[in-house]
Amino acid sequence: QVELVESGGGSVQFGGSLRLSCTVSGYSFTDKCVAWYRQSPGKPREGVAFIDTHHTATYADSVKGRFTISQDRSKNLLYLQMDSLKPEDAAMYYCATGGPYVDRPLYFTGGCGYKHFGKGTQVTVSS
């Protein structure tokens, strides 16, 4: 059974930084995709950072140049370094795992279907 647990959220001021972590169990990163999504109240969940099966990282335009996704495959850990945070970055952040051949994914981006999500970690940014 796949389990994802996020940590590292909190409250920061405009321009501050946070590093989110995600511990993944019951899952191998080999030939799989990983991602970070976020959701604000009243808005749909959006993907912000992705690593595909070729280990290529891509980002939503809104976070490009400010966020960095990385993974430690040997430890099944996923990270999201968030710098130059803005109030519009405030949201619940979720890590996700998936792959090219996921059955009935909840989201599909960049050739990867995402089906498993953690419960999220809250990020608040004050102006």
Side-chain angles (χ1 to χ4, degrees):
Q1 183 176 349
V2 181
E3 183 178 16
L4 299 88
V5 179
E6 303 92 341
S7 61
S11 182
V12 296
Q13 291 189 328
F14 178 88
S17 297
L18 280 174
R19 188 192 194 205
L20 305 183
S21 299
C22 174
T23 302
V24 183
S25 58
Y27 187 82
S28 170
F29 282 7
T30 301
D31 297 327
K32 298 298 195 304
C33 313
V34 292
W36 286 94
Y37 282 74
R38 68 184 181 187
Q39 188 169 20
S40 303
K43 294 185 178 180
R45 189 171 295 190
E46 63 169 341
V48 296
F50 310 86
I51 298 178
D52 64 18
T53 56
H54 303 290
H55 306 158
T56 300
T58 56
Y59 301 90
D61 288 342
S62 58
V63 307
K64 199 172 295 183
R66 300 186 298 118
F67 288 15
T68 303
I69 185 173
S70 61
Q71 60 182 346
D72 184 335
R73 301 171 70 217
S74 66
K75 298 180 180 179
N76 268 25
L77 292 170
L78 180 64
Y79 303 102
L80 184 67
Q81 177 66 41
M82 306 187 296
D83 299 317
S84 303
L85 282 162
K86 306 174 182 180
E88 52 263 42
D89 294 320
M92 186 72 80
Y93 282 74
Y94 303 88
C95 57
T97 59
Y101 308 109
V102 170
D103 182 38
R104 290 177 291 180
L106 297 176
Y107 299 90
F108 194 89
T109 303
C112 294
Y114 294 95
K115 188 173 184 176
H116 300 289
F117 287 78
K119 294 183 178 180
T121 186
Q122 183 69 46
V123 172
T124 304
V125 184
S126 57
S127 57

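Atom-to-atom distance recorded for Arg66:CZ and Asp83:CG is 9.0 Å, nearest 0.5 angstrom. For the atom pair CZ of Phe14 and CD of Glu88, the computed distance is 7.5 Å after rounding to the nearest 0.5 Å. One finds the OH atom of Tyr27 at 14.5 Å from the CD atom of Gln1 (value rounded to the nearest 0.5 Å). Separating the SG atom in Cys22 from the OH atom in Tyr94 is a distance of 13.0 Å, to the nearest 0.5 Å. Distance OG/Ser70 to CD1/Ile51: 6.5 Å, rounded to 0.5 Å. Remark: Asn76 CG to Glu3 CD distance equals 12.0 Å, nearest 0.5 Å.
Few gaps surround CD on Gln122; more than 12 heavy atoms of other groups in view lie less than 6.0 Å from it.
Judged by distance alone, the side chain of Thr121 and the main-chain N or O of Gly9 form a donor-acceptor pair under 3.5 Å. Although no hydrogens or angles enter the test, the distance criterion places no donor-acceptor pair under 3.5 Å between the side chain of Lys115 and the main chain of Val102. Side-chain atoms of Ser40 come within 3.5 Å of backbone N or O of Ala90 as a donor-acceptor pair. The closest donor-acceptor contact from the side chain of Glu6 to the backbone of Lys119 lies under 3.5 Å. Within the 3.5 Å criterion, the main-chain N or O of Ile69 finds a donor-acceptor partner in the side chain of Tyr59.
For the pair Leu85 and Leu18, the tightest heavy-atom approach, listed with the atom from each and the gap, is CD1-N, 3.9 Å. Taking both residues in full, the closest heavy atoms of Met92 and Gly120 are given as SD-C, 3.7 Å, listed atom of the first, atom of the second, then distance. Taking every heavy atom of both residues into account, Ala49 and Leu80 meet most closely at CB-CD1, 3.9 Å. Shown here for Val63 and Val48, the closest heavy-atom pair between the two residues is CG2-O, 3.4 Å.
Ring geometry, Tyr114 versus Phe50: the interplanar angle falls from 30° to 60°, so the pair is classed tilted.
Every residue two or more places apart in sequence or in another chain was checked for a ring-ring contact (aromatic ring centres under 6.0 Å, His included) with Phe67, and none qualifies.
Annotation: cation-pi pair Arg45/Phe117 present, NZ/CZ under 6.0 Å from the ring centroid and within 45° of its normal. Figure legend: cation-pi geometry between Arg19 and Tyr79, with NZ or CZ positioned under 6.0 Å from the six-membered ring centre and within 45° of its axis.
Aromatic pair Tyr37/Tyr93: centroids not less than 6.0 angstrom apart.
Within the 4.5 Å cutoff, side-chain heavy atoms of Thr97 are placed close to those of Leu4.
For the pair Lys86 and Asp89, the salt-bridge criterion is not met [side-chain N within less than 4.0 Å of a carboxylate O].
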